[in-house]
Every structure is written in structure tokens, then in C-alpha cells.
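Both counts, for ligands and for their atoms, begin at 1 and track the order of listing.
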Amino acid sequence: MLLLASSSPRRSELLKMAGYDFTVVPADINEGYLRGTPPIQIVELLAARKAEAVAKLHPQDIVLGADTIVVLKGRVLGKPKNEEEAKAMLKLLAGNVHQVYTGYCIINNRKYLRGHESTSVEFYPLSESEIDSYVARGESLDKAGAYAIQGRGALFIKRIDGDYYNVMGLPIGKINRILAGMKTAEDGK
Ligand SMILES: Cc1cn([C@H]2C[C@H](O)[C@@H](COP(=O)(O)OP(=O)(O)OP(=O)(O)O)O2)c(=O)[nH]c1=O
């Protein structure tokens, strides 16, 4: 059985879209961002913590954990705590190029498979009123970097280089290949 150790509706949607049969088991972990830790390590570590917390309770299952952050010029932007923080994040992102990192961790039979994917995103310059009305819609609060590429945040995007689904929270093509590889290895046993 495949368990998704994430409460993110986007990750569920992507796994469903890919045809997977799975159960959501949200992991209750401390996501406090690790000051001074490089972004790739942050997302891989948090993905592993989520997967580990669920694998402990369900050792017979395959567990997938993931974590997404936005990074602008070395500065890590997670999920904004309130509307003010969301506006400040969007002000920073406006007219600039940032990176979206999603870390993933798959635990199968006590074996860990960790990795990450990075996508580069360029925003158009944004006016203050554009930012204010976007944040007022309520789309920002549960998203890293305070925007949703799959929602009205699409209007901010000038250019993207890399996997679009990675920005949404799960590089589904890569994950599918990893899971398929595990299945082939197990079938061959
Ligand atoms: C940049 C961006 C992020 N996001 C979302 C993906 C993630 O759900 C979220 C980042 O927060 P995460 O901490 O990665 O995930 P989560 O809190 O939603 O769920 P859980 O901790 O249980 O795994 O931001 C979008 O939906 N669209 C976007 O364009």
C-alpha cells in the first residue's frame, strides 16, 4: 500500500492524476525552518521527517513524504504566517527570478530514497494593488512563497524553467519513475 505523508491537497491531486491508489496519512512534524541550512538540505530533511513519522506507524507500507520551499537570492520563503507576510513575499518575488525546491523521501522496507527537484520561475513586476487583491483572495496562505502557480498566481508567471508540477509540490514524473523502479525490483525478487 502507498501512503502519502502529506496533507497538501495538490500532492494528492497529482498522485491521483497519475493513477495511483494511495492513502493520505498526514505527518505531524515540526517544520520550523532550519536557519543557515542550505535549501536542498532543508527540503530533503523535512520530506524525510514527514515520511519517517508515518513509516514508524506503518512499517509494512511504502511511504512518500515531500516538502516545498521558494528561494529568492538565497533567502528561504516558506508558507506565509499571515497576509502581511504574504504581501512582503510577493513584493520580493515581483520582477525577479526565484527557485522552487521540492524535496521527496520514499521509505520502502526501511530503505530511504531521498532527492529533490528544482524549478526556476520568473515573475513579472507586480503593482501593490495587484499584490493586495491577490492576497485578499486567500490563495496565498497555505503556499510556499505565497502564490499558487495552478491558481490565479498563474498571472504572475513570465517564464518557468523546469518541472511545473514541482512548483505545485510534487515532481510527479520523477516520483512515478522511482516508484515504478521499486516495483520492478520487488517483482524480480
Ligand atoms: C510555489 C507553490 C507552492 N504550492 C504549495 C505546495 C505545498 O502544498 C505548499 C508548501 O508547503 P509544504 O510544507 O511543502 O506542504 P503542506 O504544508 O501543504 O503539506 P504537508 O506539510 O502535510 O506535506 O505550497 C502550491 O500549491 N503552488 C505553488 O505555486
Is a donor on one side and an acceptor on the other found under 3.5 Å between the side chain of S140 and the backbone of A146?
-> yes
Find all atoms of ligand 1 within a distance of less than 4.0 Å from any non-hydrogen atom belonging to S6, and give their numbers and elements.
-> 19 (O), 20 (P), 22 (O), 23 (O)
Sidechain N-carboxylate O distance under 4.0 Å for D163, K174 = no
Tell me which part of D142 gets within contact of ligand 1: side chain, backbone, both or neither, using heavy atoms under 4.0 Å.
-> backbone
Examine ligand 1 and decide if any of its atoms is less than 4.0 Å from a heavy atom belonging to V100.
-> no
Counting both backbone and side chain atoms, is some N or O of S7 under 3.5 Å from an N or O of ligand 1?
-> yes
Numbered atoms of ligand 1 (with element) below 4.0 Å of A148, judged on heavy atoms = 27 (N), 28 (C), 29 (O)
Which of the ligand 1 atoms, numbered from 1, are nearer than 4.0 Å to a heavy atom of D67 | 12 (P), 13 (O), 14 (O)
Compute whether any side-chain donor of one residue and acceptor of the other, for R11 and T102, lie under 3.5 angstrom apart.
-> no
Where does M168 meet ligand 1, judged by heavy-atom distances below 4.0 Å: at the side chain, the backbone, both, or neither?
-> backbone
Looking at H116 versus Y104, is the centre-to-centre ring distance below 6.0 Å?
-> no
Is there a nitrogen or oxygen of A144 sitting under 3.5 Å from a nitrogen or oxygen of ligand 1?
-> yes
Atoms of ligand 1 under 4.0 Å from any heavy atom of K50, numbered from 1 in the order shown, are 12 (P), 13 (O), 14 (O), 15 (O), 20 (P), 21 (O), 23 (O)
Per-atom contacts, ligand 1 versus I149 - under 4.0 Å to a heavy atom = 27 (N), 28 (C), 29 (O)
Taking the six-membered ring for Trp, are F156 and Y134 ring centroids under 6.0 Å apart?
-> yes
Out of curiosity, N82 CG to L141 CG, how far, rounded to the nearest 0.5 Å?
-> 7.5 Å
Before accepting this row, confirm whether a basic side-chain N of the pair K79/D142 lies closer than 4.0 Å to the acidic partner's carboxylate O.
-> no
Ligand-residue contact atoms, ligand 1 with Q150, heavy atoms, under 4.0 Å | 25 (C), 26 (O), 27 (N), 28 (C), 29 (O)
Using a strict cut-off of less than 4.0 Å between a Lys/Arg side-chain nitrogen and an Asp/Glu carboxylate oxygen, indicate whether R152 and E139 qualify as a salt bridge.
-> no
